[in-house]
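Written out below as structure tokens is the structure these notes cover.
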Amino acid sequence: MTRRRCRRRDVGVRVVGVVMAMGLALTSAVAAPELSAQATESVLAERRLEYRAARDAWEAARSAFSVVERQFSAALEQVGRARRSGDDDALEDAFALAQDRSVPYRAQEARVEDARERLDEARQALINVITVRLGELLAQLDEASSAAERAQLDARWQDLRNEQQELETQDGDDDLQVMPVILPEITFDPRDGPDELEAKAQILERLAAVADTVVENLDQERETLTTRLRIERQRQDFLAGTDRFDDIRVPVVTNPASGERPAAADSTMASRPLTLEERLEALERYREQLVSYRDQLLIRARQFRERVRRMP
Amino acid sequence: MRARGVVRAVGLAVMVASILLLGSDQAAGQSHMRDLVITLGGSVESYSGNFSAVTVPVVDSTDEATAAVGEVGVRGLLALVENGRRAVELSFDGGLRQAAALGFTVRDYAPREWAGSATLRYEETLGEWGRLTSRLGYRGRAVRDRPPMPLFLQPGYSTVTGGLGLVTRSFDGVSFDLQVEGEEADYRALEFLPELNLLDRRSVGLQAGVRWGMASTVRFFSGVRWSEYPEQGSFDPTDPFRRDHTVNVGFEWTWFGDRIFAQAGLEGTLNRSNSNRPEYDALSFQALFNTPLPWEMSLNVRTVITGKSYVRETEFPLLVPGEEADNASIAYLQLTRPLAANLDGAVRFGWTRAETDIGDAYYDRFGGSVQFNYRPSFF
């Protein structure tokens, strides 16, 4: 869904970029070349600033995400430890902690995706302006009055071309794709040999195994909640069936109190108690997130093993 | 009569269709249908007794009757607003029950019942202090070809209720609740049966409760209710219409386990009036039990037993026979099992008995039914 929205937004950005480039090209055709170049340089400087700001925002979002992710993975490790120790109370606490920490994890993940979309827009806008400026430089090269001026313009053209290529390369950079951060402390280090890489892959796989444990626990909880919901609904059906046609009202008290029974109060009233249906929905969302995280861990581990295989 | 039935059917269909449309996410933003159940069922009932009811239009000399009954119903819960702090819900329930009654001396009857109710409920969390709820409800029923006793069917009526409730957070494990409720009931008297108007009433009630416990909770409650019966005389020329003051005290124990739900309660009622005739003391026991069984089955049991004693001995003509028995017992047992995805099948047995000291009259009903509850998956 997000990827589709991204692509749609990319198309929009490209259309706007093309329109803007056409506008700039038209301006440069009718205005004096020096004035047009100044205007384009000014827009270029502005787009560069916007791009840098978008990049900074994206990196800040990634940093914040990495902190939350580290806390989430620490909670998962706590689940693993509690499971190994066989302490049921500690395991329950660890499951609850992991679920609590999954909420900011999800919010930060959305923030990173949002920042990534803005970065894409800013990059595309910068590429468009560079394209226009490159065209202008080519025209200026043709009209250059001296070899020195031509060399200067050529160097400028080359710099801008390199910048454009670099920006275009970043567009397909794997490092900027959907899940930008998985345990930033476990990264590829050029000094790593096969043993170190294998060890890092094993750490990731161990964490994935813990995530699997939590998923299994969630599956059990889901089954329990589903059963409870089924029984609860059957009870409601039973009560509705006896109440619907007044079969439960008999000619004893002519004015039976029909007030509903107040639901039990919660010890913390800051929010409305969740219904069974809402609890099931929340559990499903958490499970999906956890499965996705586990898959990312396994992909990352596979990437480490790939590197080991490619080593001479 | 048939035209009115058709109008009712169309009205019900329009109401259900509107609710279904409102329930779709596209049509109503964040509102969604939380539950929708369509019920089909059939039952066989047997009735016996010599209990009389002044509000039943015809009489028959038989003491025994049977009926084959078919019913269809729909109910649901539409969440209009639902967030962490507040919720607005509309619950609705409607149904049609058609019986073919046999065993009467004069003729056979084919009573048809229409019943419907809707409640709009608003709930808001008051910071860390508690929760406030308010509700407005309508309940109505209509009966065509109402048979004589012993096949007792509640007469047609419509009631409007409104209420306001407050439940506090728990203070050291104890929470408090307070409810105020008003009700107006209008019984549909036919031209040749003005006695039904005797049951018209208006009432206002107040109830306070205290509760403690988590999985196992106990709630003590007490309340008072003021009722007026504008069509019933008090036989007091200075205060001609019946006015009752009712005080009730009771407790309720609830067990909400992972698998078992159990609830039992005892409630005492003291009813005093400006008329000597309806002054009584009553004691009522209610129990509800629900547990899963093997093969995905579940067992549901519901029991209500009420005993009543009039403060003053009165003669037959002064009471409203059939609407004021001395004791009554009701028991329902149901076994439910999923038959397919979103489809449950249930077998239900029900028993009712009511007795009065006047002429040792009694009313007995026993029935067995099969029901199918379908929850459409498109919500």
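Nothing here was measured: the structure is a model prediction, and the numbers come from that model. Side-chain atoms are counted along with the backbone in the values below, which use heavy atoms only and exclude waters and symmetry mates. Naming: A, B, ... by sequence-line order, numbering from 1 per chain.
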Residue pair B/Thr39, B/Tyr374: steps toward the side chain to side chain contact (heavy atoms under 4.5 Å, CB included) verdict: CA-CA 6 Å; B/Thr39 302; B/Tyr374 173 62; over 6 Å; no
Counting only heavy atoms closer than 4.5 Å, note whether [X] contacts chain A via side chain, backbone, both or neither.
{"X": "B/Phe221", "result": "neither"}
{"X": "B/Val301", "result": "backbone"}
{"X": "B/Phe261", "result": "side chain"}
{"X": "B/Tyr157", "result": "side chain"}
{"X": "B/Asn300", "result": "both"}

Chain B contact residues among residues 229-241 of chain A, heavy-atom distance under 4.5 Å: A/Arg230, A/Ile231, A/Glu232, A/Arg233, A/Gln234, A/Arg235, A/Gln236, A/Asp237, A/Phe238, A/Leu239, A/Ala240, A/Gly241
Salt bridge present between [X] and [Y] (N-O < 4.0 angstrom):
{"X": "B/Glu183", "Y": "B/Arg202", "value": "no"}
{"X": "A/Arg111", "Y": "A/Asp114", "value": "no"}
{"X": "A/Arg279", "Y": "A/Glu277", "value": "no"}
{"X": "B/Arg242", "Y": "B/Asp244", "value": "yes"}
{"X": "A/Arg294", "Y": "A/Asp212", "value": "yes"}
{"X": "B/Glu228", "Y": "B/Arg201", "value": "no"}
{"X": "B/Arg131", "Y": "B/Glu124", "value": "no"}

Top contributor to chain A contacts, counting heavy-atom pairs under 4.5 Å, from [options]:
{"options": "B/Gly367, B/Gly137, B/Pro338, B/Ala346", "result": "B/Pro338"}
{"options": "B/Ser298, B/Gly209, B/Ser284, B/Gly173", "result": "B/Ser298"}
{"options": "B/Asn271, B/Thr291, B/Val304, B/Leu288", "result": "B/Leu288"}
{"options": "B/Arg141, B/Gln334, B/Arg302, B/Glu296", "result": "B/Arg302"}
{"options": "B/Arg97, B/Arg139, B/Glu71, B/Glu113", "result": "B/Arg97"}

Heavy-atom donor-acceptor pair, B/Asp177 side chain to B/Leu166 backbone, under 3.5 Å: no
side-chain contact (heavy atoms from CB on, under 4.5 Å) partner of B/Val224, the single match among B/Asn248, B/Leu206, B/Thr246: B/Leu206
No-hydrogen, no-angle side-chain donor-acceptor test under 3.5 Å, B/Gln371 and B/Ser369: no
